[in-house]
Amino acid sequence: MVNSVHKSTIISAGDDLKVVARSNDGLIEGIEYKDDACFILGLQFHPEILSQFDVIFAYFINECEKRKNNLC
């Protein structure tokens, strides 16, 4: 579950993307790239607003650290 405070949305995820977050009304709020070789994370919601989403920032930093010498 995510907080949704915007007027635009992703209608569908491309073949190389997976949906990882939705709002209560079913709108896509987060996507990730399916291929683990590259780290791509797209968020439409605002994780900085609620502390329950701090884990996303830790995940992002961890993935960047793991890949700092291995660019896509």
Side-chain angles (χ1 to χ4, degrees):
M1 304 309 258
V2 299
N3 56 334
S4 183
V5 291
H6 51 78
K7 295 180 180 170
S8 350
T9 187
I10 301 167
I11 300 299
S12 63
D15 292 339
D16 294 332
L17 301 170
K18 61 182 174 180
V19 175
V20 295
R22 291 188 180 270
S23 59
N24 285 339
D25 54 8
L27 296 176
I28 297 171
E29 299 283 353
I31 56 174
E32 283 185 317
Y33 190 58
K34 287 181 179 178
D35 185 348
D36 197 37
C38 293
F39 175 64
I40 299 172
L41 174 65
L43 300 177
Q44 182 72 12
F45 72 104
H46 297 273
E48 74 279 5
I49 293 176
L50 299 171
S51 62
Q52 72 192 44
F53 296 121
D54 287 350
V55 66
I56 292 172
F57 294 105
Y59 173 62
F60 179 78
I61 291 166
N62 183 54
E63 289 297 319
C64 291
E65 183 65 29
K66 285 189 330 190
R67 301 162 189 272
K68 68 182 174 185
N69 296 319
N70 187 15
L71 301 176
C72 294

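Heads up: numbering here begins at 1 and tracks the sequence. As a basis for the values below, the full set of heavy atoms in this structure was taken, side chains included, without hydrogen atoms, waters or symmetry mates.
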- Item | Gap between atom CD1 of Ile10 and atom CZ of Arg22 - 0.5 Å precision | 10.0 Å
- Note on the structure: Closest heavy-atom pair, Pro47 versus Leu43, reported as atoms and distance to 0.1 Å, is CG-CD1, 3.8 Å
- Task: Evaluate the ring planes of Phe60 and Phe39, with Trp represented by its six-membered ring, and classify them as parallel (under 30°), tilted (30 to 60°) or perpendicular (over 60°).
- Result: tilted
- Query: Atom NZ in Lys66, atom CG in Asn62: separation rounded to 0.5 Å?
  - Reply: 5.5 Å
- Nearest 0.5 Å please: distance from the NZ atom of Lys34 over to the CG atom of Asp15. 6.5 Å
- Message: Nearest 0.5 angstrom please: Phe57 CZ to Glu48 CD, how far?
- Response: 5.5 Å
- Message: Please find the pair of heavy atoms, one from Leu41 and one from Glu32, that lie closest to each other, and give the distance.
- Response: CD1-CG, 3.6 Å
- Message: To the closest 0.5 Å, what do you measure between CG (Asn24) and CD (Glu29)?
- Response: 9.5 Å
- When hydrophobic residues are tied together by side-chain contacts of less than 4.5 Å, even through go-betweens, does Val20 share a cluster with Ile49? no
- List for me each residue that meets side-chain contact (heavy atoms from CB on, under 4.5 Å) alongside Asp16, sequence neighbours excluded, and say none if there are none. Tyr33
- Message: I need the Ile11 CD1 to Leu27 CG distance, nearest 0.5 Å.
- Response: 7.5 Å
- Item | Main-chain N/O of Ala13 paired with Lys18 side-chain donor or acceptor, under 3.5 Å | no
- Is any side-chain heavy atom of Phe45 closer than 4.5 Å to a side-chain heavy atom of Ile56? yes
